[in-house]
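Here is the naming used below: chain letters follow the sequence lines, and residue numbers restart at 1 for every chain.
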Amino acid sequence: MSQLNLKQLNEKQREAVEWFDTPLLVFAGAGSGKTRTIVYKAAYALDKNLVKQNQILLVTFTNKAAEEMRKRVNYLTGQTLPHVGTFHSLAAKILRRDGSKLGIKQDFLIYDQQDQLSLIKEILKELNYDYRQIKPRSVGYNISVAKQEMLTAADYGKLARSYQQEIIAKIYQEYEKRLQQFGALDFDDLLMKVVDLLKTKTEILEKYQNLFKYVFVDEYQDTNTVQYQLTKLLAQGHKNLCVVGDVAQSIYRWRGANYRNILKLKDDFPDLKEIRLERNYRSSQTILDAAEQVIKNNTSHPTLSLWTDKDSGEKIGLIEASSPRDEAKKILEEVYKWKQKGKKWNEIAILYRTNAQSRVLEEALVREGIPYILVGGIKFYERAEIKDVLAYLRLVFNQQDGVSRKRLEKIGKRRLKRLEEKLVNFDYRKYKVNEILMMIYETTGYLEKYNKEDKEDLARLENLRELEALAMEYERLDEFLENVALVQAEYYAGEMSKNKEALTLMTLHAAKGLEFSIVFIVGMEEGLFPHSRSMLDQEELEEERRLCYVGITRAKEKLYLSYAKQRLVYGSYTSNERSRFIDEIDPDLLESQGISQESFNNKSKQVQKIDDDVFEAFLEGEIDIDRLLE
DNA sequence: TTCAGGTGTATTTTT
DNA sequence: TACACCTGAA
């Protein structure tokens, strides 16, 4: 039969898997086997014939998580779940099918944040607002927040109290008009419209309520109001709902996430069953203790109390540095220690609060010849050349698309004109995506923009080659565009990105859901972490603390916290106190790391590149750091 | 269409 | 500091 064996679960996990009587809320602490529990529960429901595979709806926050769960359910049961995805992809699916009832065209485009911003800028210009007074970003943010609260432009106008808000209301109204005209929906629209659809068209609501006999929602603490509504609507039918989350890991408040949604659930489902997964399989006791000591300073929400069978393990390394450069150096000393003990590069991660901090670290890694990957940075689909070509493709798909047209006008009116002439007699449905791509290149001569001899241009051409490879995977243009809009292509920057075994650099946000043997959290300074923008507001400060909690609980064996006494911020030197989060940890759990050896200090500066052979010898443990740096 | 120069601004960014 | 963005001139 199947791979399903409930003996692989602990008691609490099993209880969660077998519970089908009433709606279920699983508080799953960091490293408590959350994914495993969801996956087993879905598999169990299939195995017991409680539902068929297409009757399970499994909503996650990232495509990566969705992919992971789909794979694992498939492994356990041999069945593939068709409805696993993000809130946004689910909404897009429903709107493509039934959106016409709300007057939404079936082939609507999806505008991302950048599209939204360009559109707002254009409107600002046309309505004669000064972008210095009315900031496009802020307008976009306000519109987004409004939509998350399901406020239409008209609603917003009625609620507007200040002059600023009235202007935003006007822009919002115009923005909506244009979206409609262009046949486009933005990210927030997807959710808002689908809730609108389900609320107003009972027959459609019933259809989906009947279809989805079981609804799972992962990372529930990060849902916003409209996502909460959507969950409620869909689950209200069979009342077979399982949501999983951890309040202490809610770190997206600034995008509308409201962890109170998880606490509010009891009001909507009075017979809600609660199960807590508090056994941690990831970290040492010391790391868990530190995490708990930090998070218990948050007073506005309850927290879980994690425990483990493991030993207390290593103390938490505390690194004090004079500057970010010194910080990087000291970190690498510790990194080498672990490398010598046999750890692989990919078991080590350096986490920071802001992207700007990555640079000094990168420089140090490059100097030492340590392979690394930098997660985040410029996203693939956000690159100018990729956006250009996608704009052409979107225009082929939908000639109403004003944002794309505007962009294409900027890169060449003649090119655009030639394409538009071609499109008069062109039916994209008859061609594969890469055939259309070739047609675009031929008609517009876009590639001539770039010179192969130029290093930067060559990189752009390579990116476009990559896009072509992606396009090959799709037959139909609409499918390709939908995927581009809703799936952020994973993209790693950095010298050594091709090297699989590499140390990871990323923001604390990006680290959520991941784990590493050795974790460094750097820049633990007041003003940086907690960030100065968050220090005045209790709610925001607590979110910073949750972020710290997320960071700490990424570590399996050894955690390091580091801070620099002086740091260059916006061009001027500032001295910051060490982060309050460090002082929230019992000093007995901490251990100051030694001052660096002078030799390392001096030599590492001179070393440009280490010989491969020497480096290899070092990896084999044949020589030590000092020899390596000679 | 391109580019130099000025100006303002500066978290995090699953979709 | 450093970068993104706008503007105006060539």
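Side-chain N/O atoms of A:Tyr141 include none lying less than 4.0 angstrom from OP1 or OP2 on B:dT11. Put simply, A:Ser534 has no side-chain N or O that comes within less than 4.0 Å of OP1 or OP2 on B:dT11. Phosphate proximity of B:dT12 to A:Arg253: absent, as no side-chain N or O sits under 4.0 Å from OP1 or OP2. A close approach under 4.0 Å does occur between a side-chain nitrogen or oxygen of A:Asn355 and OP1 or OP2 of B:dT13. Considering only side-chain N and O atoms, A:Asn63 lies nowhere under 4.0 angstrom from the phosphate OP1 or OP2 of B:dT14. Residue A:Arg255 has no polar side-chain atom (N or O) positioned under 4.0 Å from OP1 or OP2 of B:dT11.
Among the protein residues, A:Lys449 comes within range of no part of the nucleic acid, since none of its heavy atoms lies under 4.0 Å from any strand. Within 4.0 Å (heavy atoms only), A:Lys135 reaches sugar-phosphate atoms of the nucleic acid but no base atom. As judged by a 4.0 angstrom heavy-atom cut-off over every strand, A:Ile411 is placed among residues touching the sugar-phosphate backbone only. Heavy atoms of A:Arg546 sit nowhere under 4.0 angstrom from any nucleic acid atom. Across all strands shown, A:Asp188 has no heavy atoms under 4.0 Å from either base or sugar-phosphate atoms. A:Phe87 comes within contact range of no nucleotide atom at all, as no heavy-atom separation falls under 4.0 Å.
Regarding A:Lys413, its NZ atom lies at a distance of 8 Å from the P atom of B:dT1, rounded to whole Å. Computed from coordinates, the A:Tyr352 OH to B:dT12 P distance equals 10 Å when rounded to whole Å. Atom pair A:Gln148:CD and B:dT15:P shows a separation of 15 Å (rounding to whole Å applied). Following rounding to the nearest Å, A:Glu219 (CD) and B:dT15 (C1') show an atom-to-atom distance of 14 Å. Look at CZ on A:Phe61: it is 13 Å from C1' on B:dT13, rounded to the nearest Å. Put simply, CD on A:Glu382 is 11 Å from P on B:dT13, counting in whole angstrom units. Atom CG in A:Leu95 sits about 18 Å away from atom P in B:dT15, given to the nearest Å. The distance from atom NZ of A:Lys125 to atom C1' of C:dC5 is 10 Å, rounded to the nearest whole Å.
By the 30° and 60° cut-offs, the orientation of the rings of A:Tyr446 relative to A:Tyr450 is perpendicular. Ring orientation note: the planes of A:Phe520 and A:Tyr560 are close to parallel, at an angle under 30° on the 30°/60° scale. Relative ring orientation between A:Tyr111 and A:Phe182 is described as tilted, the plane-to-plane angle lying within the 30° to 60° band.
Look at the C1' atom in both C:dC3 and B:dT14: the space between them is 26 Å, to the nearest Å. Between B:dT12 and C:dC5, the distance separating the two P atoms is 15 Å to the nearest Å. Here the separation of C:dA4 from B:dT13, taken at their P atoms, is 16 Å to the nearest Å.
Between the base of B:dT11 and the side chain of A:Arg533 there is no donor-acceptor pair shorter than 3.5 Å.
When distances run from any side-chain atom of A:Arg414 to the nucleotides B:dT1, B:dT11, B:dT14, the shortest one goes to B:dT1. The A:His88 side chain lies nearest to B:dT15 when the options are B:dT13, B:dT15, B:dT14. Checking C:dC5, B:dT13, B:dT12 against every side-chain atom of A:Gln113, the shortest atom distance belongs to B:dT13.
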List the steps, then state whether side chain to side chain donor-acceptor pair (under 3.5 Å) holds for A:Ser300 with A:Glu542.
CA-CA 8 Å; A:Ser300 48; A:Glu542 294 209 346; 2.3 Å; yes
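By the stacking rule of 5.5 Å between ring centres and under 30° between planes, A:Trp254 stacks on the base of B:dT12.
Electrostatic pairing of A:Glu385 and A:Lys449 does not count as a salt bridge here, judged by no charged N lying under 4.0 Å from a carboxylate O.
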Listed pairs under 3.5 Å, donor-acceptor, residues 134-143 of chain A side chains, sequence neighbours left out:
from	atom 1	to	atom 2	distance (Å)
A:Asn142	ND2	A:Ser138	O	2.7

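Taking for each of A:Glu540 and A:Gly412 the nucleotide of DNA chain B with the nearest heavy atom, the 5'-most of the two is the partner of A:Gly412. Along DNA chain B, the nucleotide nearest to A:Glu409 and the one nearest to A:Leu547 differ in position, and the one closer to the 5' end is contacted by A:Glu409.
Among A:Val226, A:Asn224, A:Val217, the single residue meeting the side chain to side chain contact (heavy atoms under 4.5 Å, CB included) criterion with A:Phe87 is A:Val217.
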